[in-house]
Amino acid sequence: MTIIDVKRKLESSKSPVAQSLHQNTHFKVLVLGFKKDMVLKEHKAHRISKLTVLEGAVKYVEEGRTIILNQYEEFDIPVEVTHSVVALEDSLCLLSQE
């Protein structure tokens, strides 16, 4: 699966598209594709994770705080904290996990 494949799949999707780009026993890199206003519903990261915006802008939401991430910005997601991600515009992100 490539980033281009994710963008193509997103064209006909009604929800965010998440695909593994690379992984081994110690880490995983996912590509997340969003159309504007799509929501990655509330969930928890069970591993150390970093969200990096390649294109567009997203809003990271957890209890008590909201963080806007624009192109090339990144955010360390706390482990075991419930959060969601909302696309403020068509967006493409990488999620790196240890």
- CD on Glu42 to CD on Glu62, rounded to 0.5 Å: 10.5 Å
- Show your working on salt bridge (Lys or Arg N to Asp or Glu O under 4.0 Å) between Lys36 and Glu89 and close with a plain yes or no. CA-CA 4 Å; Lys36 183 179 180 181; Glu89 53 190 74; over 6 Å; no
- Message: Between Gln71 and Ser91, is there a side-chain heavy-atom distance shorter than 4.5 Å?
- Response: no
- Going from CD1 on Ile48 to CZ on Phe27, what distance comes out if it is rounded to the nearest 0.5 angstrom? 14.5 Å
- Do Lys44 and Glu80 come within less than 4.5 Å of each other through their side chains, counting heavy atoms only? yes
- Note on the structure: From the list Val58, Leu54, Thr52, side-chain contact (heavy atoms from CB on, under 4.5 Å) partner of Cys93 resolves to Val58
- Message: Is there a continuous path of hydrophobic side-chain contacts, each under 4.5 Å between heavy atoms, that joins Ile77 to Val31?
- Response: yes
- Atom pair CD1 (Ile68) and CG (Leu88), whose distance is rounded to the nearest 0.5 Å: 5.0 Å
- Query: Can you tell if the side chain of Leu92 reaches within under 4.5 Å of the side chain of Val6, non-hydrogen atoms only?
  - Reply: yes
- Item | Derivation of the salt bridge (Lys or Arg N to Asp or Glu O under 4.0 Å) call for Lys7 and Glu55 | CA-CA 11 Å; Lys7 290 183 84 165; Glu55 296 177 2; 3.1 Å; yes
- Message: Do Val85 and Val29 land in one hydrophobic cluster if side-chain heavy atoms of ILVMFWY residues count as linked below 4.5 Å?
- Response: yes
- Only pairs at least two apart or in different chains count here, so list each ring-ring contact (aromatic ring centres under 6.0 Å, His included) that has a residue in residues 29-54. His43-His83
- Message: Is the shortest side-chain heavy-atom distance between Gln23 and Gln97 below 4.5 Å?
- Response: no
- Message: For residues Val61 and Leu95: do they belong to one hydrophobic cluster (side chain heavy atoms under 4.5 Å, members Ile, Leu, Val, Met, Phe, Trp, Tyr)?
- Response: no
- Message: Is there a side-chain contact (heavy atoms from CB on, under 4.5 Å) between Asn70 and Val53? Walk through the geometry before answering.
- Response: CA-CA 6 Å; Asn70 294 297; Val53 179; over 6 Å; no
- Query: Atom NZ in Lys59, atom OG1 in Thr66: separation rounded to 0.5 Å?
  - Reply: 6.0 Å
- With the side chain counted from C-beta on, respond yes when Leu69 and Leu51 share a heavy-atom pair under 4.5 Å apart, and no when they do not. yes
Return all side-chain donor-acceptor pairs below 3.5 angstrom for residues 8-18, not counting sequence neighbours, or 'none' if the list is empty.
unit_1 : atom_1 : unit_2 : atom_2 : d
Ser13  : OG     : Ser15  : N      : 3.1
Ser13  : OG     : Ser15  : O      : 2.5

- Query: Would you say Ile67 and Leu32 are hydrophobically clustered, going by side-chain heavy atoms of ILVMFWY under 4.5 Å?
  - Reply: yes
